[in-house]
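One structure is given below, encoded as structure tokens.
Only a predicted model underlies this, so the values are computations on that prediction, with no experimental measurement involved.
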Amino acid sequence: MRELDFDYGALRDLFHDIEHEKVAVFEIPAASASAIAEQLGVAVRRCYISDASAADRASATGRPLSEIVAARLPDRGSTMAGDFGEILTALFQAAREHPTELLDAKKWRLKQDRTMPAPKSDVVQLVLPHWPQPSSEDRLLCSEVKTKSTRGTSTPIADAIRDSRKDSDGRLIKTLEWLKERALDTGLTTVTIDMLDRFIDAIDYPQASREFSAVAVLCSTVDLASELSDVELPSPAERAVIILTLSDLKWYYESVFDIALTSVVDG
């Protein structure tokens with residue numbers, strides 16, 4: 001995640017750990033969320049297209065950078081909400097691991113349809129502290145993310161737990177294989193084929209750990225007690241259940257995506 005040029009140490013300090021008896025809950029207070037909105041908007045933009053790739057496409061097409069970026073970003077609605085939840089989760093995990101670097105293929109760059117979610121497992125990140133030497137300290141992080149920005153009947157926590165089990169039941173390895181195909185086809189700039197093979201062909205390498213998480217990104221007005229009622233939580237050894245909360249979530253993610261577009265300076 002280094003290529004996003006984000007201050008992960010500062011982000012880590014912004015997440016307040018809210019004591020809860022059942023799950024891990026982290027809140028970004030409204031003032032802190034406002035303070036990082038500009039930086040977050042730039043990071044969101046780079047999750048869809050790197051600065052170098054955007055400049056190359058602008059040069060090749062003769063179109064302004066803002067048009068190149070706009071062709072990658074989702075429209076307002078459920079896909080934008082879901083993408084924001086995934087990107088925030090990826091950044092949150094990078095902040096928790098800081099200064100250890102997380103390697104992320106940035107699946108949002110691989111979309112065939114900007115109006116639809118990226119396929120396969122939501123957030124997949126690699127920890128390879130001694131690379132190019134594989135080691136038993138290598139880790140594979142996989143998170144299923146659900147976002148709920150308004151009151152309604154959706155059940156993001158239960159849904160995230162259910163779909164996270166799909167990851168551990170086989171979807172994760174299919175995601176790695178899909179990423180390898182994309183690396184062989186169009187190429188990936190942040191994760192190499194050898195890195196992916198380290199986990200795809202795991203039997204050929206030192207044993208690595210796989211860590212699964214079910215993440216719900218919620219507006220702070222959502223009643224957490226109600227969301228957790230009747231939810232059968234997994235054991236911590238099976239998968240983590242993490243709640244990230246922000247104030248005025250719908251307004252906030254729409255504002256961040258506006259910044260993602262307006263942060264581009266056309267030549």
Side-chain angles (χ1 to χ4, degrees), residues 1-15 36-60 65-66 68-74 80 83-111 114 117-133 138-143 145 175-176 178-199 253 256-257 259-267:
M1 301 287 283
R2 183 186 303 168
E3 71 282 356
L4 297 183
D5 194 25
F6 201 90
D7 188 345
Y8 294 107
L11 179 63
R12 178 187 57 202
D13 294 339
L14 294 184
F15 277 97
I36 66 165
E38 293 289 335
Q39 188 184 15
L40 187 55
V42 174
V44 164
R45 185 190 80 218
R46 289 172 176 161
C47 280
Y48 289 92
I49 186 169
S50 68
D51 292 351
S53 293
D56 287 346
R57 295 307 303 151
S59 176
L65 276 171
S66 56
I68 301 299
V69 172
R72 293 292 189 99
L73 301 182
M80 181 181 284
D83 281 9
F84 178 79
E86 293 173 6
I87 293 171
L88 183 66
T89 297
L91 295 172
F92 168 75
Q93 292 179 171
R96 291 184 83 185
E97 297 286 338
H98 181 76
T100 300
E101 183 182 8
L102 295 191
L103 301 163
D104 192 316
K106 314 231 171 6
K107 289 171 57 255
W108 311 280
R109 295 181 181 180
L110 305 176
K111 286 188 179 190
R114 68 178 181 83
K120 312 294 183 182
S121 301
D122 286 342
V123 179
V124 178
Q125 296 171 309
L126 317 180
V127 182
L128 298 166
H130 306 293
W131 195 259
Q133 182 65 40
D138 297 344
R139 298 156 58 210
L140 183 57
L141 280 55
C142 181
S143 297
V145 186
T175 301
L176 295 175
W178 174 75
L179 288 173
K180 181 178 178 179
E181 290 173 357
R182 300 288 71 73
L184 289 166
D185 179 15
T186 56
L188 301 177
T189 59
T190 57
V191 174
T192 68
I193 294 171
D194 287 344
M195 291 174 179
L196 294 169
D197 276 342
R198 187 265 175 268
F199 294 100
Y253 73 68
V256 166
F257 271 88
I259 292 169
L261 185 58
T262 59
S263 64
V264 177
V265 178
D266 289 320

For a side-chain contact (heavy atoms from CB on, under 4.5 Å) check, start with the C-alpha distance between Thr89 and Asp122, then their side-chain angles and the critical distance, and finish with the verdict.
CA-CA 10 Å; Thr89 297; Asp122 286 342; over 6 Å; no

Are Trp108 and Glu86 close enough, and set up right, to give a side-chain contact (heavy atoms from CB on, under 4.5 Å), and what steps lead you there?
CA-CA 9 Å; Trp108 311 280; Glu86 293 173 6; 2.9 Å; yes

Test side-chain contact (heavy atoms from CB on, under 4.5 Å) applied to Gln93 and Gln125, step by step
CA-CA 9 Å; Gln93 292 179 171; Gln125 296 171 309; 2.5 Å; yes

Evaluate Leu40 against Phe6 for side-chain contact (heavy atoms from CB on, under 4.5 Å), listing each step before the verdict.
CA-CA 8 Å; Leu40 187 55; Phe6 201 90; 4.3 Å; yes

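Note: Phe92 and Phe15 have perpendicular aromatic rings, judged against thresholds of 30 and 60 degrees for the angle between ring planes.
Put simply, the side chain of Ser143 never gets that close to the backbone of Val123: no donor and acceptor are under 3.5 Å apart. The main-chain N or O of His98 is found under 3.5 Å from a side-chain atom of Arg12 such that the two form a donor-acceptor pair.
Annotation for Ala260 and Leu73: closest pair CB-CD1, 4.3 Å, computed over non-hydrogen atoms. When all heavy atoms are compared, the tightest approach of Leu179 to Leu196 is C-CD1, 3.8 Å. Contact record, Val124 with Cys142: CG2-SG, 4.4 Å, taken as the closest heavy-atom pair. Across all their heavy atoms, Lys180 and Asp197 have their closest contact at NZ-OD1, 2.8 Å.
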Just list the side-chain donor-acceptor pairs under 3.5 Å for residues 181-190, sequence neighbours left out, or say none.
residue, atom, partner, partner atom, Å
Thr186, OG1, Arg182, O, 3.4
Thr189, OG1, Arg109, NH1, 3.2
Thr190, OG1, Asp104, O, 2.6

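Here the side chains of Phe257 and Pro74 are in contact, with some heavy-atom distance below 4.5 Å. Between Leu11 and Ile36, some side-chain heavy-atom pair lies under the 4.5 Å cut-off. The side-chain heavy atoms of Ile87 and Tyr48, taken from C-beta on, include a pair separated by under 4.5 Å. Taking 4.5 Å as the limit, some side-chain heavy atom of Arg45 sits within range of a side-chain heavy atom of Ser263. Between Leu126 and Leu102, the closest side-chain pair of non-hydrogen atoms is not below 4.5 Å. The shortest side-chain heavy-atom distance between Val127 and Leu140 does not fall under the 4.5 Å cut-off. With contacts defined as side-chain heavy-atom distances shorter than 4.5 Å, the pair Leu4/Leu91 qualifies. Contact annotation: the side chain of Trp178 approaches that of Lys107 to within less than 4.5 Å [non-hydrogen atoms, C-beta and beyond].
In this structure, Arg139 pairs ionically with Glu97, as a charged nitrogen and a carboxylate oxygen lie closer than 4.0 Å. Arg114 has no carboxylate O lying under 4.0 Å from a charged side-chain N of Asp83, or vice versa, which leaves the two without a salt bridge.
Taking SG from Cys47 and CZ from Arg72, the interatomic distance works out to 12.0 Å, rounded to the nearest 0.5 Å. Remark: Ser53 OG to Ile68 CD1 distance equals 11.0 Å, nearest 0.5 Å. A distance of 11.5 Å separates CG of Leu128 from OG1 of Thr100, quoted to the nearest 0.5 Å.
Applying the side chain to side chain donor-acceptor pair (under 3.5 Å) test to Arg198 and every residue at least two apart in sequence or in another chain returns Asp138.
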